[in-house]
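Working notes, beginning with the structure itself.
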Amino acid sequence: MTDFLGIYFPEIFYVLCGLVCFLTAFRARKNESARVGTMLFWTLTGVIFAFGKLLPPVAVGGMLVVMGVLTVTGQVKVGKFKESTPEFRKASSERIGTKIFVPAVAVGLIALILSFVKYDVVKDGVATPTALNGAIMTGVACVVALALGIVICRPKMSETKEDTSRLLMQVGAACLLPQLLGALGSVFSEAGVGEVISGMISAVVPQGNIVVGVIVYVAGMVIFTMIMGNAFAAFTVITAGIGVPFVIAQGGNPAIIGVLGMTAGYCGTLMTPMAANFNIVPCAVLETKDPKWSVIRAQVPMALMMIVVHVILMLVLGF
């Protein structure tokens, strides 16, 4: 049971992701331009998702390099899809109404409920309560949401396959950025980047000055998150390099400082195109006039205000 929940069950959802990518690769054969490059990109993406656990790391890395080259050289295109008529969209909108939001809400709600589920992992005769794998929580939630969407919208299978491929092609290579940036954070942490940053900061920041330490920690989280596009990736590096020696070691509450440090990174997420899943993908899906900056421009004022709020909260609540 432990092996099933911890090792095998999560792979089911990765395989499902791979099958969606294979479907998109098959649909790419209809593209008028960059047909081969688009098919190859989504085929390799599907292989990594479906069989990544079985492949040597070098092979996966090689495929990622090929995918990167295809993207940079413009060989991954959306292609043309049959557009529905305005009359059809209006009729569907009136028929479904606000029920269209039910599947989206179900994803978050079901994942939240599953986060409270624990199972025992026995090691050396000692049972330790362990939370479900994140892929299980999200995967189950998405499968249930898909079933709800089918019940509510009652789409044709051909429409479902076509729209799935269209949406994934619109998102493009940006769908892989969260995974790649998360892995980059682990690489930086193992490489000792946090220690290097700590050494650089200690040369300019006076030791023992709590206010300056908090400001530098919050600013570091914001800036590094903007560079990496992922607050999780930035957290381990910046907290080890700045948060621990310049804030927590000065008497800060580790729990409070850690939580506020993480959410401070989200202020950087609001202001960077590197956070593609938040700031670029919505523009592509909604087909905004400015596909890169419209969401970011709207978020920057709030992000700047929240940076100041984080500094204040960390000083007031963390000490």
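Residue indices begin at 1 and follow the sequence shown. Just the heavy atoms: all of them, side chains too, but no hydrogens, waters or symmetry mates, feed the values below.
- L114 contributes atom CG, which lies 11.5 Å from atom CG of N133 (distance to the nearest 0.5 angstrom).
- Atom OG1 of T24 and atom CG of L167 lie 9.0 Å apart (nearest 0.5 Å).
- The cluster map of Ile, Leu, Val, Met, Phe, Trp and Tyr, joined by side-chain heavy atoms under 4.5 Å apart, puts V58 and I48 in different clusters.
- Under the 4.5 Å side-chain heavy-atom criterion for Ile, Leu, Val, Met, Phe, Trp and Tyr, I312 and V211 are members of the same hydrophobic cluster.
- Here the side chain of Q250 pairs a donor or acceptor atom with the backbone of P245 at under 3.5 angstrom.
- The line from CD1 of I136 to CD of E11 is 10.0 Å long, rounded to the nearest 0.5 Å.
- Side-chain contact between F319 and I257: present, with at least one pair of heavy atoms (C-beta onward) separated by less than 4.5 Å.
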Checklist entry - So V143 and F13, side-chain contact (heavy atoms from CB on, under 4.5 Å) or not? Walk me through it. => result CA-CA 9 Å; V143 170; F13 301 108; 4.0 Å; yes
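- V212 and I215 fall within the same hydrophobic cluster, where Ile, Leu, Val, Met, Phe, Trp and Tyr residues are linked whenever their side-chain heavy atoms come under 4.5 Å apart, directly or through other members.
- The backbone N or O of K90 sits nowhere less than 3.5 Å from a side-chain atom of S93 that would complete a donor-acceptor pair.
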Next on the checklist: Using the rule given for side-chain contact (heavy atoms from CB on, under 4.5 Å), can you reason through I100 versus I152, listing the C-alpha separation, both sets of side-chain angles and the distance that settles it, and then say yes or no?
Outcome noted: CA-CA 7 Å; I100 192 64; I152 293 171; 5.8 Å; no
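- Interatomic distance, CD1 of I223 versus CD1 of I238, reported as 8.5 Å (0.5 Å rounding).
- With rounding to the nearest 0.5 Å, the separation of CG in L23 from CD in E162 is 9.0 Å.
- By the ring-ring contact (aromatic ring centres under 6.0 Å, His included) test, Y14 pairs with no residue at all, sequence neighbours left out.
- Panel note: side chain N31, backbone A34; no donor-acceptor pair is recorded below 3.5 Å.
- Nearest heavy-atom pair, A231 versus G265, reported as atom, atom and distance to 0.1 Å: CB-C, 4.0 Å.
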Next on the checklist: Run the side-chain contact (heavy atoms from CB on, under 4.5 Å) test on F224 and V237 for me, step by step, so that the C-alpha distance in whole Å, both residues' side-chain angles and the decisive distance to 0.1 Å come before the verdict.
Outcome noted: CA-CA 9 Å; F224 214 67; V237 176; 3.9 Å; yes
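- Here the side chain of T272 pairs no donor or acceptor atom with the backbone of G268 at under 3.5 angstrom.
- Atom CD of Q75 and atom CG of L70 lie 7.0 Å apart (nearest 0.5 Å).
- Looking at every heavy atom in both residues, V218 comes nearest to A264 through CG1-CB, 4.0 Å.
- By the 4.5 Å heavy-atom criterion applied to side chains, I96 and K99 are counted as neighbours.
- Residues L55 and V47 meet the side-chain proximity criterion, which asks for heavy atoms closer than 4.5 Å.
- Of all the heavy atoms in A28 and M39, the pair that sits closest is CB-CG, 3.6 Å.
- In this structure the side chain of M271 never reaches within 4.5 angstrom of the side chain of Q299, judged on heavy atoms.
- Placement of V308 and V300 within a single hydrophobic cluster is found when ILVMFWY residues are connected by side-chain heavy-atom separations under 4.5 Å, directly or transitively.
- Between the side chain of R27 and the backbone N or O of S165, no donor-acceptor pair lies under 3.5 Å.
- With contacts defined as side-chain heavy-atom distances shorter than 4.5 Å, the pair L132/S115 does not qualify.
- Nearest approach of T43 to A25, heavy atoms of both residues: OG1-CB, 3.3 Å.
- For the pair L168 and W42, the minimum side-chain heavy-atom distance is below 4.5 Å.
- Here the shortest heavy-atom pairing between V247 and G213 reads CG2-O, 3.5 Å.
- Between C267 and M306 the shortest heavy-atom distance is SG-CB, 3.6 Å.
- Residues V20 and T164 are in side-chain contact: their nearest non-hydrogen atoms beyond the backbone lie under 4.5 Å apart.
- In terms of the side-chain hydrogen bond (donor to acceptor under 3.5 Å, both in side chains) criterion, residue partners of T239 (sequence neighbours excluded) are, by chain and number, Y217.
- In this structure a side-chain-to-backbone donor-acceptor pair under 3.5 Å is missing from R166 to K80.
- For F51, the CZ atom sits in a loose shell: 12 or fewer heavy atoms of surrounding residues, nucleotides or ligands are nearer than 6.0 Å.
- Taking 4.5 Å as the limit, some side-chain heavy atom of T71 sits within range of a side-chain heavy atom of F41.
- By the rule that hydrophobic residues join a cluster once side-chain heavy atoms approach within less than 4.5 Å of another member, L40 and V60 end up as members of one cluster.
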